[in-house]
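A short write-up of the structure that comes next.
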Amino acid sequence: MKLPFSKALILAPHTDDGEFGCGGTISRLLREGCEVIYVAFSDCKESVPKGFDENVLSREMRKATAVLGVKPENVLLLDYKVRYFTSERQRILEDMVRLNRKYQPDVVFTPCSQDFHQDHNTIHKESIRAFKRINIMGYELPWNNLVLPSQGIIKLQAQDVDHKIGAIAEYKSQMKRGYSSSEFIRSLASTRGMRIGVEYAEAFETIRVVL
């Protein structure tokens with residue numbers, strides 16, 4: 001059975017958060033004919049590892065989202081400074097309101113409420129304000145979460161996990177992080193799938209469900 005969404009908006013505080021949090025679901029949504037819009041709020045120029053130029057993450061994001069199948073015109077990058085989102089809450093909210101008016105999504109994927117990174121938490125809170133009348137799902141980033149959400153489970157096929165792994169592999173500048181490994185990504189999807197008796201899945205906090 002197809003997911004009941006025709007247009008999904010992915011809110012990534014930083015480049016790569018959307019792929020890590022719901023890359024498999026993005027693959028499934030696109031496979032089932034849903035339009036996906038991917039918005040990253042920062043390309044984290046200040047956090048780029050030594051040896052890479054400051055624009056590397058924006059290029060890697062374009063390649064990663066292409067692996068998932070997101071149309072280039074549906075990939076947006078905003079200009080917020082990493083780690084300073086809390087001081088930009090109103091401007092972030094206004095950007096989200098504009099995104100809602102322009103794209104009119106029927107589901108939004110945002111960081112979950114248990115994510116303690118200050119930028120992720122800001123995106124979470126403002127997304128609830130901006131998209132309060134539609135479906136909102138909170139994705140998990142286990143290394144940032146106090147509690148891992150699982151009220152919502154989205155089943156994945158092996159090809160969706162492969163696409164997620166392939167997308168994350170495009171972030172060459174981030175491959176020293178342990179959670180970038182294909183072994184971790186596949187094992188997490190397997191663990192989430194085990195909860196409902198399938199091979200692979202992604203887990204979400206169900207923030208708003210509109211039926």
Side-chain angles (χ1 to χ4, degrees), residues 2-3 5-45 47-49 51-80 82 95-96 98-100 102-111 119-120 123 127 137 139-141 154-186 188-189 192 200-202 204:
K2 290 175 60 176
L3 295 173
F5 307 123
S6 60
K7 187 179 290 186
L9 179 62
I10 314 299
L11 301 179
H14 313 123
T15 49
D16 80 15
D17 287 332
E19 292 91 325
F20 276 115
C22 55
T25 296
I26 293 173
S27 174
R28 176 176 173 179
L29 287 166
L30 290 165
R31 178 166 53 79
E32 294 180 348
C34 178
E35 183 179 6
V36 173
I37 297 93
Y38 185 107
V39 181
F41 286 77
S42 175
D43 62 357
C44 305
K45 287 183 172 68
S47 300
V48 171
F52 295 91
D53 73 86
E54 66 175 11
N55 296 311
V56 65
L57 282 165
S58 62
R59 295 195 301 272
E60 291 173 340
M61 178 193 66
R62 298 286 177 182
K63 293 178 181 178
T65 50
V67 169
L68 293 174
V70 184
K71 295 178 181 177
E73 61 269 25
N74 284 346
V75 179
L76 288 74
L77 176 61
L78 305 184
D79 61 352
Y80 290 93
V82 64
D95 276 336
M96 288 185 182
R98 282 190 286 270
L99 289 167
N100 194 16
K102 179 177 181 179
Y103 293 106
Q104 299 182 9
D106 50 17
V107 63
V108 172
F109 292 86
T110 191
D119 292 351
H120 298 195
I123 295 300
S127 65
M137 304 291 285
Y139 56 76
E140 64 168 335
L141 299 172
I154 292 181
K155 300 176 183 178
L156 303 177
Q157 293 184 4
Q159 62 182 302
D160 300 318
V161 181
D162 290 340
H163 289 159
K164 179 174 182 174
I165 290 170
I168 292 171
E170 292 296 337
Y171 287 96
K172 309 299 184 187
S173 66
Q174 306 298 304
M175 291 311 291
K176 288 186 178 180
R177 301 175 185 270
Y179 49 77
S180 294
S181 72
S182 60
E183 292 81 7
F184 173 77
I185 297 163
R186 195 176 300 279
L188 182 62
R192 298 296 172 257
Y200 297 118
E202 286 178 330
F204 298 88

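Thr15 and Glu60 share no donor-acceptor pair across their side chains, judged by distance under 3.5 Å alone. Side-chain atoms of Tyr103 and Glu35 form no donor-acceptor pair, as typed in the model, at a separation below 3.5 Å. Between the side chains of His14 and Asp17, at least one donor N or O lies within less than 3.5 Å of an accepting N or O. Side-chain N/O atoms of Asp95 and Tyr80 include a donor and acceptor closer than 3.5 Å.
Atom NZ of Lys164 and atom CZ of Arg28 lie 14.5 Å apart (nearest 0.5 Å). The structure places CG of Asn100 at 12.0 Å from CZ of Arg98, a figure rounded to the nearest 0.5 Å. To the nearest 0.5 Å, atoms CD (Glu202) and CD1 (Ile154) are separated by 7.5 Å.
Of all heavy-atom pairs between Tyr171 and Asp16, the closest is OH-N, 3.2 Å. Scanning both residues, Phe109 and Cys22, for their nearest heavy atoms gives CB-SG, 4.1 Å. Minimum interatomic distance between Ala167 and Val67 (heavy atoms only, all atoms of both residues): N-CG1, 3.6 Å. Between Pro111 and Ile123 the shortest heavy-atom distance is CD-CG2, 3.8 Å.
Checked by atom type and distance alone, the side chain of Asp106 pairs as donor or acceptor with a backbone atom of Ser6 at under 3.5 Å. Proximity of a side-chain donor or acceptor of Ser27 to a complementary backbone N or O of Leu68 within less than 3.5 Å is not detected. When atom types are taken as modelled, the side chain of Asn74 and the backbone of Lys71 share no donor-acceptor pair closer than 3.5 angstrom.
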Applying ring-ring contact (aromatic ring centres under 6.0 Å, His included), run through Tyr139 and Phe20 and close with a yes or a no. CA-CA 9 Å; Tyr139 56 76; Phe20 276 115; over 10 Å; no
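Ion pairing between Arg59 and Asp53 holds under the 4.0 Å rule for side-chain N and carboxylate O.
Evaluated for a side-chain contact (heavy atoms from CB on, under 4.5 Å) with Val36, the options Leu29, Val75, Leu9 yield exactly one hit, Leu29.
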